[in-house]
Amino acid sequence: MKFRFYNHDPIFPSNLLVIHHHRRRFFASSLKKIQTASASGGSHNGSKGNSGGNTFLVPGATAATLLMLGVLHARRLYDDKKVEEAREKGIEVEFRPDVKATFLRMLPLRSISRLWGSLTSVELPIWLRPYVYKAWARAFHSNLDEAALPLEEYASLREFFVRTLKEGCRPIDSDPHCLVSPVDGTILRFGELRGSGAMIEQVKGFSYSVSSLLGASSLLSIIAEGDKHEETTKHQNNLGEHGKKSWWRISLASPKVRDTVSTRPMKGLYYCVIYLRPGDYHHMHSPVEWNVLVRRHFSGNLFPLNERATRTIRNLYVENERVVLEGLWQEGFMAMVAIGATNIGSIELSIEPELRTNRPRKMLLNTEPPQERVYEPEGVGKILRKGDEVGAFNMGSTVVLVFQAPTLKPLKQGESSSEFRFNIRRGDQIRVGEALGRWHDL
């Protein structure tokens with residue numbers, strides 16, 4: 001089929017062109033009047049005029065933000081549904097690298113996250129705030145009834161992300177023999193770590209070492225060496241006592257003088273990985289009463305931390321930017337690792353407000369050594385009680401706990417009876433202050 005155009009029949013008649021011209025002039029004059037009115041209103045209101053923001057910029061930025069959040073949420077729901085269907089059938093999802101990991105490495109995720117931070121820090125008009133936050137709550141299942149302030153008082157999305165809760169919303173388990181969750185989130189992995197090269201499972205088919213997560217200068221290696229030396233010395237003493245008392249058992253056969261194994265519990269090493277969804281409460285709290293001795297900041301990548309990313313990106317938690325807090329509690333070593341992610345590069349510490357994360361890096365490759373700070377006074381550090389606030393994420397992310405807890409002496413070679421018991425399951429939704437596990441004095 002051929003299309004013919006005739007010279008005497010113009011595509012746009014002259015009368016339409018005149019109308020279009022008048023409309024453009026009318027729109028331009030109207031826009032100018034609105035901008036003039038906004039500028040004059042802002043100058044008259046002074047600082048109060050800033051709460052309204054730019055009439056056109058703020059709704060545009062908000063719409064773009066909500067659109068991106070909607071797309072991310074839809075994709076997350078789809079991935080979660082597939083994973084749930086697989087688990088219901090008894091299928092364990094395995095690690096399978098794909099093109100996504102290669103593509104993500106090419107993106108300036110740190111710069112994108114800083115841009116996201118700027119967008120979410122834009123002050124919203126007071127009248128618009130409840131609508132935006134309620135839309136967010138519906139999309140990500142947030143409980144607005146727990147917010148400490150009325151919605152109108154959160155000036156930006158960022159303030160809403162890191163909102164505090166009403167008093168009493170997160171009661172802390174008072175049992176002195178329990179370790180509580182430091183965050184609201186989903187239990188991804190947990191278990192006991194054994195051996196010097198202990199590994200944490202990221203997903204079936206791939207794991208990462210504890211030392212690479214915490215850093216080469218971790219206190220864990222020093223404590224582990226001390227425990228090993230203590231057990232060796234105790235074993236030698238037991239052998240000596242066994243030699244001294246053996247003749248008593250032969251001559252008198254008295255059960256009272258038989259050398260019994262000490263019932264003092266050993267220290268086992270455990271871990272727990274908790275994922276924070278975008279709609280979760282984003283503050284971190286202390287899981288136990290402990291002394292925070294060292295802070296270590298790794299300026300790494302900012303890959304996403306959702307279910308799909310854990311299945312496709314190798315060494316995800318080790319490569320991402322993270323803040324490691326290490327110290328001691330009544331049962332030994334304790335470490336809490338806050339891991340950043342795309343759009344969530346900012347990790348704040350209430351015990352160190354001057355810390356800044358997701359800063360521009362001088363080097364392109366991820367080879368910068370971690371920044372380390374030893375808290376004063378040395379050997380005591382920052383003392384935190386169970387439930388005390390430690391810090392906050394600017395959105396959602398992941399927290400990894402690595403800690404020592406009481407473990408009974410081995411019954412047989414390669415087997416142990418653990419006194420500490422987790423009372424959680426994979427996939428459980430947990431909240432701050434709820435018990436992760438318990439133990440009992442012997």
Side-chain angles (χ1 to χ4, degrees), residues 65-66 68-69 72-73 76 113-114 116-121 124 129 132-149 151 153-172 180-188 272-287 297 302-306 309 317 320-325 336-353 355-358 384 387-401 429-434 436:
T65 299
L66 292 177
M68 184 174 69
L69 291 174
L72 292 174
H73 182 59
R76 188 177 296 109
S113 297
R114 285 193 293 274
W116 165 263
S118 300
L119 286 175
T120 56
S121 298
L124 302 177
R129 295 172 189 174
V132 174
Y133 304 149
K134 287 178 181 178
W136 171 272
R138 284 193 297 269
F140 296 102
H141 310 290
S142 298
N143 187 357
L144 297 182
D145 294 334
E146 295 180 338
L149 302 175
L151 296 182
E153 295 190 27
Y154 297 108
S156 64
L157 275 170
R158 181 186 174 280
E159 288 189 14
F160 178 70
F161 291 158
V162 295
R163 65 190 179 279
T164 56
L165 303 182
K166 293 177 182 177
E167 190 72 24
C169 284
R170 295 294 182 272
I172 308 300
V180 302
S181 176
V183 292
D184 285 12
T186 305
I187 303 296
L188 295 186
C272 183
V273 184
I274 308 174
Y275 170 66
L276 287 76
R277 300 169 301 177
D280 286 331
Y281 170 59
H282 304 122
H283 289 247
M284 297 176 287
H285 294 256
S286 177
H297 173 217
L302 286 177
F303 295 128
L305 291 176
N306 53 37
Y317 300 134
N320 269 23
E321 181 163 15
R322 62 197 183 278
V323 174
V324 179
L325 297 177
M336 187 162 68
V337 185
I339 305 174
T342 308
N343 299 334
I344 319 145
S346 180
I347 301 170
E348 301 173 356
L349 292 182
S350 55
I351 60 175
E352 188 184 344
L355 176 67
R356 294 292 179 270
T357 60
N358 193 17
L384 294 175
D388 284 352
E389 186 173 327
V390 178
F393 293 104
N394 274 341
M395 195 173 171
S397 192
T398 297
V399 167
V400 180
L401 289 179
Q429 301 295 320
I430 197 164
R431 305 206 302 179
V432 171
E434 295 178 347
L436 290 173

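Along the sequence shown, the residues carry numbers beginning at 1. If you're wondering where the values come from, they're calculated on a predicted model, not measured in any experiment.
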Report task. Report the distance from atom CG of Leu165 to atom CG of Asp145, rounding to the nearest 0.5 Å. Result -> 11.5 Å
Query raised in the report: Does the side chain of Leu305 reach to within under 4.5 Å of the side chain of Tyr317, using non-hydrogen atoms?
Result: yes
**Report entry** For Ala155 against Tyr133, the heavy-atom pair lying closest together
**Finding:** C-OH, 3.8 Å
**Report entry** Residue pair Ala147 / Arg163: nearest heavy atoms and the distance that separates them
**Finding:** CB-CD, 4.1 Å
Requested in this report: Compute both the distance and the angle, then confirm whether Arg158 meets the cation-pi test with Phe161: under 6.0 Å from the six-membered ring centre, within 45 degrees of the axis.
Outcome: no
Query raised in the report: Side chains of Ile187 and Leu436: does their closest heavy-atom pair fall under 4.5 Å?
Result: yes
Query raised in the report: Just how far is it from atom CG of Asp280 to atom OG of Ser142, taken to the nearest 0.5 Å?
Result: 7.5 Å
Report summary line: CD1 (Ile274) and CG (Leu188) are apart, to the nearest 0.5 Å, by 8.5 Å
**Report entry** Residue from Arg322, Glu321, Glu352 passing side-chain hydrogen bond (donor to acceptor under 3.5 Å, both in side chains) with His297
**Finding:** Glu321
Query raised in the report: Taking C-beta and beyond as the side chain, do Asn143 and Tyr281 meet within less than 4.5 Å on heavy atoms?
Result: no
**Report entry** Ile172 side chain reached by Val432 side chain, heavy atoms, under 4.5 Å
**Finding:** yes
**Report entry** Exercise: identify the closest heavy-atom pair between Val183 and His283
**Finding:** CG1-O, 3.7 Å
Report task. Could you pull out the closest heavy-atom pair between Val399 and Pro182, with the gap in Å? Result -> CG1-CG, 4.1 Å
Requested in this report: For the residue pair His282 and Glu348, establish whether any side-chain heavy-atom pair is separated by less than 4.5 Å.
Outcome: no
Query raised in the report: Is Trp136 close to Leu144 at the side-chain level, that is, under 4.5 Å between some pair of heavy atoms?
Result: no
Query raised in the report: How long is the gap from CD on Glu389 to CZ on Arg170, to the nearest 0.5 Å?
Result: 13.0 Å
Report task. Could you pull out the closest heavy-atom pair between Gly387 and His285, with the gap in Å? Result -> O-ND1, 2.9 Å
Query raised in the report: With side chains defined as the heavy atoms from C-beta onward, is the minimum distance between Leu325 and Ile351 less than 4.5 Å?
Result: yes
**Report entry** Side chain to side chain, Leu151 and Arg129, heavy atoms closer than 4.5 Å
**Finding:** no
Report summary line: Of all heavy-atom pairs linking Ile347 and Met284, the shortest is CG2-CE, 4.3 Å
